[in-house]
Every structure is written in structure tokens, then in C-alpha cells.
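Take a look at the structure below.
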Amino acid sequence: RSAELYTIRTLRDLLGEPEQALARLDAPWLQDSDAPEVLAERGETLLSLGNQAGYELLEMAVASKPALPFAQMALAERYKR
């Protein structure tokens, strides 16, 4: 799972392809939608597409696993405003 999530993050953050990242998230989402890492990736991807519902997923991910630095940074940006 971690290799697929890395690919998704690369598509979204480095290659600027959030739509492709969201499409690649379908399989992990169906298999492990309760896994904090999957919640965080989906939340960050939704945010990159302008969907504010991503924050709710980030909150759920961080609540169950605080050691998710990218999710923590995204939430910090939200509360900084």
C-alpha cells in the first residue's frame, strides 16, 4: 500500500495531476478506507482539487494517527488563516 500511496502523492504534488491521483486512489480507498494513511491521501487530494471536504478526512486521519506530517501541515495551513 505504501508504494501506491507514494505514487499518488507524486502524481498530485510533483507532477500536478490531482485528477489522476484521485483515480489511482480508488483501489486503496475501497480496500482500506479506514486506514489513516489512505484517509490522509484522499483528503489532501480532494483539497488539491478545491474540495473542502478533504479537511474532514484529514481530521479523521490525524485523530487516529497523529504521526502524519503532510496531513498535519495541511491542517495547520487551514487553522493559520
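- The line from CG of Leu5 to CD of Glu44 is 10.5 Å long, rounded to the nearest 0.5 Å.
- Leu25 CG to Gln20 CD: the interatomic distance, rounded to the nearest 0.5 Å, is 12.5 Å.
- Put simply, the side chain of Gln72 gets close to the backbone of Pro66: a donor and an acceptor are under 3.5 Å apart.
- Closest of all the heavy-atom pairs between Leu47 and Gln52 is CD2-CA, 4.1 Å.
- Interatomic distance, OH of Tyr55 versus CE of Met60, reported as 16.0 Å (0.5 Å rounding).
- Neither Leu68 nor Tyr6 shares a network with the other; the hydrophobic side chains, linked directly or stepwise wherever heavy atoms of I, L, V, M, F, W or Y lie under 4.5 Å apart, form separate groups for each.
- Annotation: the span from Leu75 atom CG to Glu59 atom CD amounts to 5.0 Å, rounded to 0.5 Å.
- If you take CG on Asn51 and OG1 on Thr45, they are separated by 11.0 Å, rounding to the nearest 0.5 Å.
- Across every non-hydrogen atom of Ala74 and Leu58, the tightest pair is CB-CD1, 3.6 Å.
- Note on Met73 and Leu57: separate hydrophobic clusters, where clusters join Ile, Leu, Val, Met, Phe, Trp and Tyr whose side-chain heavy atoms are under 4.5 Å apart, directly or indirectly.
- Here the rule is side-chain contact (heavy atoms from CB on, under 4.5 Å) with Val38, and of Asp32, Leu30, Ile8 only Asp32 fits it.
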**Study point:** Step-by-step side-chain contact (heavy atoms from CB on, under 4.5 Å) determination, Glu17 to Thr10
**Key:** CA-CA 9 Å; Glu17 296 288 344; Thr10 300; over 6 Å; no
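- Counting all heavy atoms, side chain and backbone alike, Gly54 lies closest to Leu46 at CA-CB, 3.9 Å.
- Counting only heavy atoms from C-beta outward, the side chains of Phe70 and Arg9 approach each other to under 4.5 Å.
- The minimum heavy-atom distance linking Pro28 with Glu4 is given by the pair CG-CG, 4.0 Å.
- Pro36 and Ser64 make their closest contact through CG-OG, 3.5 Å (heavy atoms, listed as atom of the first residue, atom of the second, distance).
- To the nearest 0.5 Å, atom CG of residue Leu22 and atom OG of residue Ser48 are 8.0 Å apart.
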